[in-house]
Amino acid sequence: QVLLVESGGGLVQAGDSLRLSCVASGRTFSTMGWFRQAPGKEREFVARITWSGSDVYYADFVKGRFTISRDNDKNAVYLQMNDLKPDDTAVYFCTSSSRMMPGTDPQRYDGWGQGTQVTVSS
């Protein structure tokens, strides 16, 4: 059984920062990452990182602002979010995949956390 638990969301103002954490239990994964979903919108890829921690990929809209990292000893993944914007408001989901190259399609990911709310005010 895969269990992913996110934390670190909150209510902030534009320009502020948040650090999201996700701890996985049950197994290790080749790839871990983050998606987000706002009401009425499709789940949107944010970032992913492979087991080595050296292969990372970001959505264009977060490049230069967000940083993903992982701690394999803790089976955890983090998302440092800087210069947050109101458009970043969404529920952020931690995700995992047994695939080395799952891409940006949520259908290619196997496990999901319950999400943590990020709200960015103007």
Side-chain angles (χ1 to χ4, degrees):
Q1 182 177 350
V2 176
L3 178 63
L4 304 173
V5 180
E6 306 99 330
S7 62
L11 173 62
V12 299
Q13 292 185 318
D16 287 352
S17 298
L18 285 172
R19 183 175 184 263
L20 305 184
S21 299
C22 172
V23 179
S25 62
R27 60 177 293 181
T28 58
F29 307 94
S30 296
T31 303
M32 297 185 70
W34 295 90
F35 282 70
R36 69 187 189 184
Q37 188 168 23
K41 298 182 65 177
E42 295 182 345
R43 192 162 296 190
E44 180 180 42
F45 172 80
V46 177
R48 60 86 172 160
I49 186 168
T50 54
W51 175 262
S52 68
S54 61
D55 187 8
V56 299
Y57 183 72
Y58 298 96
D60 288 342
F61 63 84
V62 302
K63 288 182 178 178
R65 297 190 298 125
F66 292 8
T67 302
I68 189 171
S69 61
R70 71 186 298 170
D71 184 339
N72 291 340
D73 290 337
K74 297 181 178 180
N75 212 17
V77 63
Y78 309 97
L79 186 68
Q80 178 67 45
M81 304 186 295
N82 298 326
D83 192 25
L84 284 162
K85 304 175 181 179
D87 285 347
D88 295 321
T89 296
V91 177
Y92 283 70
F93 296 92
C94 178
T95 188
S96 63
S97 178
S98 60
R99 299 176 171 89
M100 295 183 63
M101 299 290 290
T104 61
D105 186 350
Q107 297 295 118
R108 302 286 291 179
Y109 291 78
D110 305 313
W112 298 90
Q114 293 180 313
T116 184
Q117 178 70 47
V118 173
T119 302
V120 185
S121 63
S122 300

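Each residue takes its place number in the sequence, starting with 1.
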Output all residues satisfying ring pair (Phe, Tyr, Trp, His ring centres under 6.0 Å) with F45, sequence neighbours left out; order by chain, then residue number.
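For F45, the residues satisfying ring pair (Phe, Tyr, Trp, His ring centres under 6.0 Å) (neighbours in sequence not counted) are F35, Y57.
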Pi-cation contact, F93 with R36 (under 6.0 Å, within 45°):
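Verdict for F93: no cation-pi partner in R36.
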Same apolar cluster: [X] and [Y], side chain cutoff 4.5 Å:
| X | Y | value |
| --- | --- | --- |
| F61 | I49 | yes |
| M32 | I68 | yes |
| W112 | V91 | yes |
| V23 | M81 | no |
| L18 | Y58 | yes |

May I ask you to check whether S17 and N82 show a side-chain donor-acceptor distance below 3.5 Å?
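Short answer, yes.
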Mind listing the side-chain donor-acceptor pairs of residues 6-13 below 3.5 Å, one per line with the distance, residues two or more places apart or on another chain?
unit_1: E6; atom_1: OE1; unit_2: Q114; atom_2: N; d: 3.1
unit_1: E6; atom_1: OE1; unit_2: G115; atom_2: N; d: 2.9
unit_1: E6; atom_1: OE2; unit_2: C94; atom_2: N; d: 2.7
unit_1: E6; atom_1: OE2; unit_2: G115; atom_2: N; d: 3.1

Listed partners of S30 passing side-chain contact (heavy atoms from CB on, under 4.5 Å), at least two apart:
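With sequence neighbours excluded, S30 shows a side-chain contact (heavy atoms from CB on, under 4.5 Å) to M100, given in chain and number order.
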Report yes or no: does [X] contribute a side-chain atom to a donor-acceptor pair with the main-chain N or O of [Y] at less than 3.5 Å?
| X | Y | result |
| --- | --- | --- |
| R70 | T50 | yes |
| Y109 | G103 | yes |
| S121 | P86 | no |
| T67 | Q80 | no |
| R48 | W34 | no |
| T31 | R99 | yes |

Roughly how far, to the nearest 0.5 Å, is the CG atom of D110 from the OG atom of S96?
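Going from OG on S96 over to CG on D110, the span is 6.0 Å.
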Mind checking the CZ-OG spacing from R108 to S98? Nearest 0.5 Å is all I need.
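With rounding to 0.5 Å, CZ (R108) is 9.0 Å from OG (S98).
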Which residues share a salt bridge (Lys or Arg N to Asp or Glu O under 4.0 Å) with D87, sequence neighbours left out:
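With neighbours one apart ignored, the set is empty.
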My understanding is that only residues two or more places apart in sequence, or in another chain, count here; which of them pass salt bridge (Lys or Arg N to Asp or Glu O under 4.0 Å) with R65?
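Only D88 meet the salt bridge (Lys or Arg N to Asp or Glu O under 4.0 Å) criterion with R65.
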Inter- and intrachain pairs under salt bridge (Lys or Arg N to Asp or Glu O under 4.0 Å), touching residues 8-18, at least two apart:
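Listed once each, the pairs would be none.
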Only one of V120, V118, L84 clears side chain to side chain contact (heavy atoms under 4.5 Å, CB included) with T89; which?
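With T89 as partner, V120, V118, L84 yield a single side chain to side chain contact (heavy atoms under 4.5 Å, CB included), made by V120.
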Count the heavy atoms belonging to other residues, nucleotides or ligands that lie under 6.0 Å from NZ of K41, then report whether that count exceeds 12.
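Not more than 12 within 6.0 Å, no.
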Considering all heavy atoms of both residues, which atom of A24 and which atom of L4 are nearest to each other, and what is their separation?
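Closest approach of A24 to L4, heavy atoms only: CB-CD2, 3.2 Å.
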May I ask you to decide if the ring planes of F66 and Y92 are parallel, tilted or perpendicular, using 30° and 60° as cut-offs?
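Tilted: the ring planes of F66 and Y92 meet at 30° to 60°.
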